[in-house]
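Please read the structure below before turning to the comments.
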Amino acid sequence: MSMGRYAASTDPEAGRDGDGAVLLRSPSGATARVSLHGGQVVSWKNDRGDELLFTSSKAIMKPPKAMRGGIPICFPQFGNCGTLERHGFARNRMWALDEEHPGLSRSDSGSRSLVDLILKPSEEDQKSWPHSFEFRLRISLTKDGDLSLVSRIRNVNGKPFSFSFAYHTYLSVSDISEVRIEGLETLDYLDNLSQRERHTEQGDAITFESEVDRVYVSSPNVIAVLDHEKKRTFVIRKDGLPDTGKTHPFIHFPPCLQ
Ligand SMILES: O=P(O)(O)OC[C@H]1O[C@@H](O)[C@H](O)[C@@H](O)[C@@H]1O
């Protein structure tokens, strides 16, 4: 794959490895590896080769199981708030390369390496969730190595349906006691450890002393995760997604839409 070019299926230089994963590379040398299983980003490395995403050593890397690590896509249900399996079926399905990607331009082709994926429901999926949709996902690396995911869900037959959705991102951090989150102070959150009871966050930046499993409602579009030991800050931006979740020990930030 050449620098800054598209890694979509139409690009003859698209980087594909033996497992069918797509490799993105930015001009700065950052990389991302995207598995068609789950449409999941399974690795994101900066220009020094440091892995920025966490993958559990117990992760099962083979379909049809969901892989615990990277950025699983939760759809059409986030968590257990519905009748489907936890976090929905999208993370357990094979996605396809999307040749059409209607509505998204390629005008930034000089500065991004990207792949367009699509998921359509199987007959089996429609038995448990009888709705017609196309889920298009664009994953791109900017020239500086920033990772971006854009999701678009289209109602194919016009019959209304509702869904919830999240990027269940597993960030790689050092000792959790060295990690601080800025941007969620004073917000309300639902505590998954006590039947989604609603509380209000107190105090300054958030630190971790024990198990945490929360969804922060109406969170700001930018939050920061500061890792003092690694001297690294993740700046997480979202757009069009109201909430942010976090869980320790598997620290992840699923901005979610319900
Ligand atoms: O094990 P899974 O299905 O990948 O889910 C991981 C975590 O997902 C979070 O959203 C849940 O709040 C946690 O309770 C859960 O452990």
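Only a predicted model underlies this, so the values are computations on that prediction, with no experimental measurement involved. Side chains included, hydrogens not; waters and symmetry mates left out as well; all remaining heavy atoms used. In each ligand, atom 1 is the first atom listed, and ligand 1 is the first ligand listed.
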Flag side-chain contact, heavy atom, 4.5 Å: R68 against Y170
yes
May I ask you to identify, for E211, whether its side chain, its backbone, both or neither come under 4.0 Å of ligand 1 on a heavy-atom basis?
neither
Numbering as shown, the atoms of ligand 1 that approach R68 to under 4.0 Å (heavy-atom distance):
1 (O), 2 (P), 4 (O)
D213 neighbourhood, listing ligand 1 atoms whose heavy-atom distance to it stays under 4.0 Å
11 (C), 12 (O), 13 (C), 14 (O)
Nearest neighbour of atom 4 (O) of ligand 1 from the list M67, H87, R91, on a heavy-atom basis
R91
Are L141 and L114 side-chain neighbours, meaning at least one heavy-atom pair lies under 4.5 Å?
no
Under 4.0 Å between a side-chain nitrogen and a carboxylate oxygen: does that hold for E178 and K230?
no
Can you find a pair of side-chain heavy atoms, one from L137 and one from V150, that are under 4.5 Å apart?
no
Just checking, is any N or O donor in the side chain of D144 or T142 under 3.5 Å from an acceptor N or O on the other one?
no
Closer than 4.0 Å to some heavy atom of N192 - which atoms of ligand 1 meet that?
12 (O)
